[in-house]
Structure formats: structure tokens, C-alpha cells
**Student:** 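Below you'll find the structure I mean.
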Amino acid sequence: MNRVELTDDVEDFALLHAPIPLPQAAEEWPPGPAQHGPYMRYVHVDGRHMTFTRDRVVVAELRDAAWLDWLEEQALHARQGYMSPKQAAAFAEFLARRPPVGEQ
């Protein structure tokens, strides 16, 4: 493949996979809350995360895959040693004093 053919292929690829342009830039960043039917959308400061609320209750939060991987890693490994033995014993005592979930 010569240089001209390679350049044509790269240009074709770039045209097919070019980022979609944003409709219009917002005057403020991040844009303020936006109404979507009964939901209110809030864009976080980083511009990648969004939160949807309904009647001031969070109903959905959109995050990227890297953040979800980090959260899963924390849930699997980080919480196993976060309580000191004294704190764990106090928490076990607290749970023992509470009635079972079905009897509340």
C-alpha cells in the first residue's frame, strides 16, 4: 500500500468516525438543570456524569464505566477491613438489639 492509498484510507476512517459536533455550546458550564417531562436533569461539573430527579428524589445517575469499575472494586475489597475490632463489636451489638426486619 503506498502513501497516497494509506492517506485516503485514514481520511475515510476519520470521516466515518469523526466525533459528533455538539448542537450549540451552552453559555454556562456545566449547563443548568433541564426539564425532561417529569424529570429534571443535572449535569455534573465534569460534564460526563448526569443525575435525573423526579419530585426532588434521585431516580437515575449516569456514570462512566471506569467509575463503575472503581466502585465495584471498592465494594469487593475496600470494605473488608474498614472497621476496627472495637467498632465491629459495637456494630454487631447494635444489630443484635434491633428487631428482625419483618417484625418492625
Side-chain angles (χ1 to χ4, degrees):
M1 185 179 277
N2 64 30
R3 184 172 225 160
V4 173
E5 290 173 354
L6 181 61
T7 304
D8 290 341
D9 289 343
V10 170
E11 288 174 357
D12 290 342
F13 181 83
L15 290 173
L16 289 174
H17 301 286
I20 299 170
L22 296 173
Q24 287 191 3
E27 292 186 18
E28 60 176 310
W29 188 254
Q35 188 78 32
H36 292 276
Y39 302 100
M40 185 69 73
R41 183 193 71 185
Y42 297 90
V43 178
H44 294 237
V45 175
D46 62 7
R48 296 181 308 172
H49 302 133
M50 286 184 269
T51 302
F52 289 86
T53 62
R54 182 176 185 165
D55 298 329
R56 297 184 182 185
V57 176
V58 174
V59 294
E61 198 158 337
L62 303 178
R63 299 286 185 155
D64 59 0
W67 188 87
L68 294 173
D69 290 340
W70 174 85
L71 183 63
E72 183 178 19
E73 183 70 23
Q74 295 300 310
L76 290 175
H77 303 292
R79 68 176 170 181
Q80 294 178 4
Y82 77 99
M83 276 195 213
S84 67
K86 183 178 177 182
Q87 186 181 11
F91 186 63
E93 180 185 334
F94 166 77
L95 290 177
R97 287 182 291 169
R98 296 185 51 85
V101 174
E103 297 177 13
Q104 289 180 349

**Student:** Let's go through Q87 and F91 carefully: what are the C-alpha distance in whole Å and the side-chain angles of both, what is the deciding distance for side-chain contact (heavy atoms from CB on, under 4.5 Å) to 0.1 Å, and is it a yes or a no?
**Tutor:** CA-CA 6 Å; Q87 186 181 11; F91 186 63; 5.6 Å; no

**Student:** Are there over 12 heavy-atom neighbours, none belonging to E72, within less than 6.0 Å of that residue's CD?
**Tutor:** no

**Student:** Verify, without hydrogens or angle tests, whether Q35 (side chain) and G37 (backbone) share a donor-acceptor contact under 3.5 angstrom.
**Tutor:** yes

**Student:** Distance-only criterion, 3.5 Å: show the donor-acceptor pairs between side-chain atoms of residues 61-68 and protein atoms not counting sequence neighbours.
**Tutor:**
unit_1, atom_1, unit_2, atom_2, d
E61, OE2, R63, NE, 3.1
E61, OE2, R63, NH2, 2.5
R63, NH1, H49, ND1, 3.4
D64, OD1, W67, N, 3.2
D64, OD2, R48, NH1, 3.2

**Student:** In terms of heavy-atom contacts, does CZ of R97 have more than 12 from other residues, nucleotides or ligands at under 6.0 Å?
**Tutor:** yes

**Student:** Minimum heavy-atom separation for M40 and P33, please, with both atom names.
**Tutor:** SD-CB, 3.6 Å

